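The model shown is predicted, which means the values in this text are computed figures rather than measured ones. Lettering of chains follows the sequences in order, A, B, ..., and the numbering in each one begins at 1.
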Amino acid sequence: MKESFIENLNSLNEAQRLPTLHKDGALIIIAGAGSGKTRVLTYRIAYLMTQGVDSFSILALTFTNKAAREMKERISTLVGSNESKNLWMGTFHSVFARILRSESDKLGYPSNFTIYDAQDSERLIRSIIKEKGYDKELYKSKQIKNRISAFKNNLITVKTYFNDLDLQESDKISQRPKMGDLYREYVDRCFKAGAMDFDDLLLRTNELLNRFPSVLAKYQDRFKYILVDEYQDTNHSQYLIVKILSDKFQNICVVGDDAQSIYAFRGANINNILNFQKDYQDTTVYKLEQNYRSTKTIVSAANSIIKHNITKLEKNVWTNNSDGEKIIIQRLPTDSDEGRYVASSIFEIKMNMQKNNSDFAILYRTNAQSRALEDALRNRDIQYRVYGGVSFYQRKEIKDILAYLRVIVNTKDEESLKRIINYPPRGIGQTTIDKLVVSANENNLSIFETIQRAMELKVPISSSIIIKLQEFVSLIKGFIIFNEISNAFEISNEVAKKTKILIDLKSDGTPEGISKSENIEELLNGVKDFVEGQRDLADFNGTLSEFLIDVALATDFDNNKNNNQDTVSLMTIHLAKGLEFPLVYIVGMEEDLFPSPMNIDTRGGLEEERRLFYVALTRAKEQAFLTYSESRYRWGKLNSCEPSRFISEIDEQYIINSTPKDSYRSKPIINTSIFDRIPIIKKRTLSNDNLINNPSSTKLLKLRHINSLNNVTDNSNELLKKFKKGDLVEHQRFGKGKVVIIEGIGNDKKASIDFYGIGVKKLLLNFAKLKIISNA
DNA sequence: TGCACCGATGTTTTT
DNA sequence: CATCGGTGCA
């Protein structure tokens with residue numbers, strides 16, 4: 001084992017090997033994009049273990065659970081799975097949720113505390129605002145939630161808030177004098193519900209470590225070596241946890257890249273990495289500057305972008321890789337054209353260069369942009385997977401089942417209880433729930449207790465409804481008993497069956513119902529996998545409460561369904577951090593979108609957007625494509641757009657700016673995609689000498705030919721083909737209107753029509769009863 | 001109380 | 001455009 005590991009060490013370069021073999025003390029590794037920082041972390045942990053450090057004493061904090069899992073796998077191949085079994089690796093949130101779980105009694109929490117996700121928190125805040133009768137225009141639940149989150153991430157407790165006149169003053173100025181009350185009530189209600197939100201997992205950990213010296217000593221002694229990945233994205237709360245835990249041994253290794261700090265909006269403090277040397281005396285600073293991931297073109301282009309930022313650590317990222325292809329910049333008329341362009345381009349590159357779907361990623365600034373891309377990929381029969389967005393666990397039907405499970409584990413969980421008390425409908429309406437909430441708060445009881453004691457508490461509810469409530473209580477109590485003798489899978493199955501949720505959805509006949517029931521079945525499979533997967537782990541039993549913690553902190557990447565399928569990846573740039581793909585499309589390169597308009601008023605905000613662009617571009621190994629549209633649907637309305645300022649910040653020698661003919665903008669888009677008419681890399685063949693010798697570019701020359709073979713046949717009836725932009729039409733219900741745009745193909749062809757006095761409607765031409773009055 | 005429909009409203013980014 | 005909350009009727 002050891003010999004082969006030493007051999008492996010030789011595969012590291014000098015800059016990587018030095019921090020890898022640096023055993024004790026504080027070290028910071030400034031790692032440029034693609035410089036192999038994960039490798040250094042992995043090898044360093046393995047090295048520590050070969051030096052006699054027990055894996056039990058190592059804590060590694062990563063940014064995603066997926067990163068932790070992968071790293072752990074690699075370590076176990078290096079040193080053996082038995083040796084690495086006890087490593088503590090995971091995100092801040094999941095590691096400290098685990099610790100809190102075993103120490104929660106000290107803080108007055110049940111060990112089965114519920115973890116509220118962002119949606120739960122917001123719902124609770126909304127209902128508090130409503131109960132208190134505050135103006136919901138002034139107190140927007142989302143804003144309140146963000147503010148509370150910011151308080152927590154900066155360790156401003158309710159008490160601190162009320163001791164801080166400046167804070168209170170600033171809320172008064174912004175017309176929210178009740179902010180403090182809301183904050184207090186929210187914290188109170190979470191506590192009563194036995195619930196922690198995401199920020200609590202960090203805040204309460206700080207509380208735990210600061211208030212209980214024995215607990216602190218226990219974990220300080222245990223974690224003799226601490227490693228933190230993506231240190232540039234830690235917030236103040238996380239920073240303090242790391243600081244206090246590492247205080248005893250000071251064996252702390254942080255890895256990060258200030259140029260890739262992109263989470264300021266959730267409290268990430270770039271100063272944590274900039275000031276690391278001040279926090280630990282005798283810090284050794286290492287820099288990884290050689291990029292192994294990308295072509296010279298990508299690396300240089302990315303450098304030319306980040307150069308525009310003032311706040312940064314100096315470093316010089318370089319590569320020995322080949323020049324590679326230039327970055328293609330493509331302008332398009334609309335967002336659906338953008339989708340078609342990307343889909344066609346992927347299709348053709350796949351054909352000509354023997355690429356798999358999984359070699360491609362499409363990155364965007366906002367989740368909402370995925371739709372047009374998905375439509376286009378589906379039309380081309382290209383398999384894809386969208387990461388993030390509304391994740392699996394946030395779907396209504398999933399959250400409903402999970403709400404049952406959460407109540408079973410913790411009956412105080414208010415949000416979950418409200419969710420299921422009348423689902424499926426059992427005659428318990430909003431008024432009843434409101435009365436229960438009021439009574440529960442008056443008597444300092446949970447809603448579940450209040451229901452059971454409704455009579456003696458004299459809650460003004462009719463006896464017939466009380467009976468219904470009792471039935472609900474018995475149902476839940478039955479589940480609780482069942483759960484005591486079952487694993488997570490058995491109880492989940494029982495809930496889905498007994499409540500009839502699964503069967504009702506399945507038999508309602510609608511496609512939505514079917515798909516929902518399938519999702520629930522998938523959830524059940526997931527629980528099963530969880531139970532089976534945990535079996536060999538010593539400190540896990542596959543219980544429901546373990547599963548719920550896992551689920552609350554799971555992201556899309558952790559959902560291992562379809563993981564081995566060959567799909568194009570679609571995700572936001574944020575989610576793409578840490579990943580790499582041979583071919584990357586960055587779409588929506590427009591002002592008012594990227595950079596986000598919310599972030600352009602301050603230098604710091606704009607610089608963060610620029611770092612985001614830097615992250616996006618440096619995901620690409622071989623080639624990057626940037627696209628922007630001249631118009632885009634937003635909130636159902638067509639808006640015109642300008643190219644992003646970031647495009648002009650890229651050094652011109654690295655790009656090919658493909659500008660379509662002026663004429664094609666005005667042409668109606670009918671029957672064929674415009675990309676069947678316009679060769680994708682048209683400009684390349686004309687203007688770029690040094691690409692001619694490149695074997696891959698000769699392959700690309702054939703693209704035009706393939707294009708013509710790939711026209712999509714339009715099987716819609718003849719009449720439908722006649723509609724075009726500008727036509728005056730009449731609809732049975734909406735009256736007269738003008739065709740604004742036509743999109744889609746075949747039976748999917750749609751027309752957006754501006755009806756007089758009604759507005760723009762999008763109609764499926766196959767179904768809409770439309771008559772042409774006059775042609776454009 | 002439940003359900004169907006309507007209109008208002010909102011989009012950064014996520015653990 | 002999609003979701004959500006509110007309203008009004010059975």
A:Gln430 CD to B:dC3 P, straight-line distance once rounded to whole Å
14 Å

Pairwise N/O distances under 3.5 Å, protein to nucleotides 4-10 of chain C:
residue, atom, partner, partner atom, Å
C:dG5, OP1, A:Arg126, NH1, 2.3

Contacts of A:Arg123 that satisfy side chain to side chain contact (heavy atoms under 4.5 Å, CB included) - sequence neighbours left out:
A:Gln119, A:Glu415, A:Arg419

Of residues 256-268 of chain A, the positions that come close to DNA chain B - non-hydrogen atoms, cut-off under 4.0 Å:
A:Tyr263, A:Phe265, A:Arg266

Mind checking A:Thr64 for me? I need base, sugar-phosphate or nothing, with any heavy atom below 4.0 Å counting as a touch.
nothing

Evaluate the side-chain proximity of A:Tyr186 to A:Leu182: yes if any heavy-atom separation is below 4.5 Å, no if none is.
no

Considering only atom P, compute the distance from C:dC4 to B:dT13 and round it to an integer number of Å.
15 Å

Note: for A:Thr431 and A:Leu553 on DNA chain B, the residue whose nearest nucleotide lies more 5' is A:Thr431

Non-neighbouring partners of A:Ser439 that pass side chain to side chain donor-acceptor pair (under 3.5 Å), sequence neighbours left out
A:Asn443

Write down the distance separating the C1' atoms in C:dG6 and B:dT11, rounded off to the nearest Å.
23 Å

Mind listing the closest non-hydrogen atom pair of A:Val255 and A:Gln232 along with its distance?
O-OE1, 4.3 Å

Who pairs with A:Glu137 by side chain to side chain donor-acceptor pair (under 3.5 Å), at least two apart in sequence or on another chain?
none

Set of residues satisfying salt bridge (charged side-chain N to carboxylate O under 4.0 Å, His left out) with respect to A:Lys516, sequence neighbours excluded:
none

Set of ring-ring contact (aromatic ring centres under 6.0 Å, His included) partners for A:Tyr116, sequence neighbours left out:
none

When all nucleic acid strands are considered with a 4.0 Å heavy-atom cut-off, which category describes A:Leu202: base, sugar-phosphate, or nothing?
nothing

Whole-Å distance, A:Tyr393 OH to B:dT15 P, equals 13 Å

A:Leu363 CG to B:dT13 C1', straight-line distance once rounded to whole Å:
13 Å

Can you measure A:Arg204 atom CZ to B:dT15 atom C1' for me and round it to whole angstrom units?
18 Å

If the condition is ring-ring contact (aromatic ring centres under 6.0 Å, His included), which residues does A:Tyr134 pass it with, not counting sequence neighbours?
A:Tyr139

Given that A:Ile428 and A:Phe63 both sit by DNA chain B, which one's nearest nucleotide is further toward the 5' end?
A:Ile428

B:dG2 phosphate, OP1 or OP2, under 4.0 Å from A:Asn422 side-chain N/O
yes

What is the distance, rounded to the nearest whole Å, between atom CD of A:Glu608 and atom C1' of B:dT14?
12 Å

Who are the ring-ring contact (aromatic ring centres under 6.0 Å, His included) partners of A:Phe581, not counting sequence neighbours?
none

With the criterion being N/O to N/O and under 3.5 Å, what pairs connect the protein with nucleotides 9-11 of chain B, and how long is each?
residue, atom, partner, partner atom, Å
B:dG10, OP1, A:Lys140, NZ, 2.3
B:dT11, OP1, A:Lys142, NZ, 2.6

Have a look at A:Ser94 and say if it touches a base, only the backbone sugar-phosphate, or nothing, with a 4.0 Å heavy-atom cut-off.
nothing

Tell me: CG of A:Asn235 to P of B:dT14, nearest whole Å?
16 Å

For A:Glu608, all residues meeting side chain to side chain donor-acceptor pair (under 3.5 Å), sequence neighbours excluded
A:Arg611

Please find the pair of heavy atoms, one from A:Phe392 and one from A:Leu523, that lie closest to each other, and give the distance.
CZ-N, 3.9 Å

Between C1' on B:dT15 and CG on A:Asp199, what's the gap in Å once rounded to a whole number?
9 Å

Listed partners of A:Glu131 passing salt bridge (charged side-chain N to carboxylate O under 4.0 Å, His left out), at least two apart
A:Arg189

Tell me what A:Ile465 touches on the nucleic acid: a base, only sugar-phosphate, or nothing, going by heavy atoms under 4.0 Å.
sugar-phosphate

Calculate the interatomic distance between A:Leu579 atom CG and B:dT14 atom C1'; express it in whole Å.
14 Å

